[in-house]
Amino acid sequence: MLTIRFDPLFGDSHIVGPAPYFRIVDGITLRAGPNDEEVATYANGSWRVGNRYFTVFTTQSPTLIRFESAGQPCAASRGPFRHAQVVDGAIRDGAAPNGLLAHLDEQSRTWYVYPDQVACQTVVFEPAPAAS
């Protein structure tokens with residue numbers, strides 16, 4: 001299971017989850033599995049959860065990231081990352097200051113995945129398997 005922490009510029013953080021996965025659909029809607037329930041929307045650099053706005057969200061455990069278009073893989077899966085972070089329309093490896101993985105093009109509502117040099121419609125965050 002995966003949990004996400006939303007952080008504002010000022011004030012208290014907000015936790016969502018646990019859920020088996022989180023999915024960013026159409027670049028702007030964060031949904032929690034397994035029912036794909038909407039938990040946040042993105043616009044102008046902020047995530048809205050209910051009536052509150054947050055500048056960043058961070059996964060709270062090791063995370064794998066998958067990219068999809070039309071329900072099919074669009075780029076190589078990435079991770080596991082200790083934490084994945086989404087800030088200002090960019091997905092970063094939370095542990096690496098230069099770990100830019102993908103960036104949202106708000107006009108097309110697609111994610112440009114830098115390592116694969118491809119645009120994808122959907123991002124899926126899921127828990128990394130436990131190390132054996």
(message) Please check: side-chain N/O of T122 versus main-chain N/O of V25, any donor-acceptor pairing under 3.5 Å?
(response) no
(message) Tell me the closest heavy-atom pair linking V118 and A75, and the distance in Å.
(response) CG1-CB, 3.8 Å
(request) State, yes or no, whether a side-chain contact exists between Y112 and Q117 at a heavy-atom distance under 4.5 Å. (result) yes
(request) Mind checking the CH2-SG spacing from W111 to C120? Nearest 0.5 Å is all I need. (result) 11.0 Å
(message) Quick check: closest heavy atoms across A32 and V39, and the distance to 0.1 Å?
(response) CB-CG1, 4.0 Å
(message) Can you confirm whether L104 sits close enough to Y42 that some side-chain heavy atom of one is under 4.5 Å from a side-chain heavy atom of the other?
(response) yes
(request) Kindly determine whether L30 and F6 satisfy side-chain contact (heavy atoms from CB on, under 4.5 Å), including the steps that lead there. (result) CA-CA 12 Å; L30 180 67; F6 287 88; 3.6 Å; yes
(message) Taking the basic N atoms (NZ, or NE/NH1/NH2) and the acidic carboxylate oxygens, is any pair closer than 4.0 Å for D116 and R78?
(response) yes
(message) Minimum heavy-atom separation for L64 and A128, please, with both atom names.
(response) CG-CA, 3.9 Å
(message) Tell me the closest heavy-atom pair linking A40 and W47, and the distance in Å.
(response) CB-CE3, 3.9 Å
(message) For V87, is there any backbone N or O sitting under 3.5 Å from a side-chain donor or acceptor partner on T55?
(response) no
(message) Are the side chains of P73 and E68 in contact, using a 4.5 Å heavy-atom criterion?
(response) no
(message) Counting only heavy atoms from other residues, nucleotides and ligands, does the tally under 6.0 Å from CZ of R23 exceed 12?
(response) yes
(request) Quick one: pull up NE2 in H83 and OG1 in T58 and give me the separation to the nearest 0.5 Å. (result) 8.0 Å
(request) Side-chain contact test, heavy atoms from C-beta onward, threshold under 4.5 Å: evaluate it for V16 versus F57 and give yes or no. (result) no
(request) For atom CD of E106, decide whether the heavy atoms of other residues, nucleotides or ligands shown that lie under 6.0 angstrom number more than 12. (result) yes
(message) Contact between Y21 and D36 at the side-chain level, heavy atoms closer than 4.5 Å - yes or no?
(response) yes
(request) Looking only at non-hydrogen atoms, find the nearest pair between P115 and L101 and report the distance. (result) CD-O, 3.4 Å
(request) To the nearest 0.5 angstrom, please state how far the CZ atom of R92 sits from the CD1 atom of I65. (result) 12.0 Å
(message) Quick check for you: to the nearest 0.5 Å, what is the distance between Q60 atom CD and S13 atom OG?
(response) 8.5 Å
(request) Would you give the length of the straight line joining atom CG of D88 to atom NE2 of H103, rounded to the nearest 0.5 angstrom? (result) 6.0 Å
(message) I'd like to check T59 versus P127 (side-chain heavy atoms, cut-off strictly below 4.5 Å). Are they in contact?
(response) no
(request) Check whether any side-chain heavy atom of F125 lies under 4.5 Å from a side-chain heavy atom of V86, and answer yes or no. (result) yes
(request) State, yes or no, whether a side-chain contact exists between F22 and T63 at a heavy-atom distance under 4.5 Å. (result) no
(message) Taking D12's backbone N and O only, do any of them form a donor-acceptor pair with R52's side chain (distance below 3.5 Å, no angle check)?
(response) yes
(message) If you compare all heavy atoms of L2 against all heavy atoms of P62, which two are closest, and at what distance to 0.1 Å?
(response) CD1-O, 4.3 Å
